[in-house]
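These notes concern the structure reproduced below.
Scope of the values below: all heavy atoms of this structure, side chains included, with no hydrogens, waters or symmetry mates. Counting starts at 1 for both ligands and their atoms, following the listed order.
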Amino acid sequence: MKPGDWAPLAAEVRIPQWQTVSALGTLCIVTSKKKIAVLAGDGIGQEVIPQAINVIEASGAQVELQEFDWGASRYLADGVTVPPDGFAMLGRELDAILVGAFGDPRVPTNLHAKEILLGMRFQMDLYANVRPVRLLDAVLCPLKGVEPKDVDFVVVRENTEGVYGDVGGVFKKGTEDEIAIQEDINTRKGVERVIRYAFDYCEKNPKLDGSKRSRVLMCDKSNAMTHAGGLWQRVFKEVAREYPQIKPEHMYVDAFCMQMVRDPRPFDVIVTNNMFGDIITDLAAGLQGGLGMAASGNIHPGKTSMFEPVHGSAPAIAGKNIANPMGAILTAAMMLGHLGLSAEAARIEGAVLDAVRQKKTTQDVGGPLGTREVGEWVAQRVAGKGC
Ligand code: NAD
Ligand code: IPM
Ligand code: MN
């Protein structure tokens with residue numbers, strides 16, 4: 001909502017939402033700007049996030065941006081990955097977090113990425129990793145005869161448990177009897193809340209063409225991993241009963257992957273565990289034109305949530321002005337939508353669509369432009385300047 005928009009306050013009293021009524025009953029102007037933490041991170045994160053910011057600014061969204069230097073360079077300089085109180089501060093003081101990517105060949109252990117990125121997901125309890133899979137234009141899809149209307153599904157990935165907890169250990173390291181154990185943690189609470197999130201998402205979020213979503217498919221490997229799979233199966237059936245209007249479906253993850261690359265038309269909302277969700281969303285990014293096009297949100301309803309493109313820091317192409325900024329720009333739109341700035345989000349998505357149709361894109365999706373030039377084109381379009 002922007003200054004000048006009207007929000008219902010009570011039956012007969014309406015005031016613009018950016019104004020509040022003081023105790024004395026007079027109107028005082030309080031800007032309700034959303035505060036956004038920006039962590040561009042490493043590699044191409046440093047290139048695509050500035051473009052996403054330009055586009056946010058061009059949209060006129062009422063936001064205040066605060067940049068943080070967490071990442072490989074900071075870690076190499078002073079050994080700090082996340083400053084003390086860092087996550088609690090983000091949760092307390094910011095409305096959302098926009099992240100680029102973490103991962104740098106100068107830090108072969110990847111420790112900083114683990115502590116910052118996975119730390120944020122786990123410690124801020126951002127349990128639903130929502131990764132929309134949308135084909136903006138048929139030319140972007142490697143499949144024959146597939147149109148944008150055929151690819152509009154979303155993967156809801158569990159984001160706080162599974163093998164990502166990194167619980168385990170190594171015994172007799174370096175000997176021929178070495179044993180490495182990597183535990184797969186699945187809690188009743190964690191499984192239930194992400195499955196419920198997927199059903200709620202299905203109920204509340206129509207497809208791009210306005211039609212209702214109607215199916216939630218759980219994707220697992222319960223034929224082989226029976227303990228965790230059994231819990232997911234039982235909870236899925238229980239939660240599904242609460243949503244009689246939604247059709248519950250199931251596929252094993254291997255068969256799911258095959259189906260996704262042969263014909264993704266049947267998919268609507270997918271819910272799965274952390275690791276399967278990671279793998280299938282890179283594969284799904286392939287349907288959209290590659291990793292440079294895919295957006296995501298790490299969400300805990302009611303808490304400060306984090307938004308990041310699905311791609312990583314792509315060190316091999318970093319610093320060359322060739323990284324595709326669309327994933328980051330669409331992520332920014334997703335974040336604005338989450339913050340209630342739906343008009344700005346829609347304008348950004350519309351401009352990205354125009355850019356794709358007019359080939360104002362980077363080389364990975366067949367265009368002639370660089371990272372900055374794509375960002376500038378989209379920003380101008382969003383600002384309503386002719387291009
Ligand atoms: P990656 O996503 O960085 O790159 C995979 C491939 O996609 C590469 O060929 C790369 O050039 C290409 N690519 C990715 N984003 C692109 C873009 N915007 N435009 C054009 N091409 C793009 O994955 P990776 O190579 O497996 O990992 C590199 C580093 O990034 C590693 O350190 C990894 O741990 C890290 N990583 C971080 C995140 C994150 O922070 N969210 C996500 C994935 C990987
Ligand atoms: C992603 C990334 C991360 C993940 C890595 C960098 C730990 O691949 O966001 O998809 O596996 O979740
Ligand atoms: Mn991944």
Task: Protein contact to atom 7 (C) of ligand 2 [nearest heavy atom, distance to 0.1 Å] - done: Leu118 CD2, 4.1 Å
TODO: Could you tell me whether Tyr127 and Phe122 have their ring centroids closer than 6.0 angstrom?
DONE: no
- [ ] Assess the pair Phe307 and His338: is the distance between their ring centroids shorter than 6.0 Å?
- [x] yes
Task: Heavy atoms from other residues, nucleotides or ligands near CZ of Arg92 exceed 12 (cutoff 6.0 Å) - done: yes
Open item on the list: Check whether Gln259 reaches the backbone of Asp263 with its side chain - one donor and one acceptor, N or O, closer than 3.5 Å.
Closed with: yes
Task: Region of Tyr164 engaging ligand 2 - heavy atom pairs below 4.0 Å - done: side chain
Open item on the list: Nearest 0.5 angstrom please: Asp95 CG to Ser32 OG, how far?
Closed with: 9.5 Å
Open item on the list: Tell me if the aromatic rings of Phe256 and Phe267 count as close, with their centers under 6.0 Å from one another.
Closed with: yes
Open item on the list: Among all the protein's non-hydrogen atoms, which is closest to atom 10 (O) of ligand 2, and how far away is it?
Closed with: Asp278 OD1, 2.8 Å
- [ ] Identify, for atom 9 (O) of ligand 2, the protein heavy atom at the shortest distance, and state residue, atom and that distance.
- [x] Arg121 NH2, 2.6 Å
Open item on the list: Give me the residue, atom name and distance of the protein heavy atom closest to atom 6 (C) of ligand 2.
Closed with: Leu117 CD2, 3.9 Å
Task: Atoms of ligand 2, numbered as shown, that sit under 4.0 Å from any heavy atom of Arg131 - done: 1 (C), 9 (O), 10 (O)
- [ ] For atom CZ of Arg265, decide whether the heavy atoms of other residues, nucleotides or ligands shown that lie under 6.0 angstrom number more than 12.
- [x] yes
Task: Asp278 atom (N/O/S) at minimal separation from the Mn ion (ligand 3) - done: OD1
Output block, N or O contacts of ligand 1, threshold 3.5 Å exclusive:
unit_1, atom_1, unit_2, atom_2, d
ligand 1, 2 (O), Gly312, N, 2.7
ligand 1, 3 (O), Gly312, N, 3.4
ligand 1, 3 (O), Ser313, N, 3.4
ligand 1, 3 (O), Ala314, N, 2.8
ligand 1, 18 (N), Asn324, O, 3.0
ligand 1, 19 (N), Asn324, N, 2.8
ligand 1, 30 (O), Ser313, N, 3.0
ligand 1, 30 (O), Ser313, OG, 3.1
ligand 1, 40 (O), Phe102, N, 2.8
ligand 1, 41 (N), Glu308, OE1, 2.9

Task: N/O donor-acceptor pair under 3.5 Å between Thr187 side chain and Gly190 backbone - done: yes
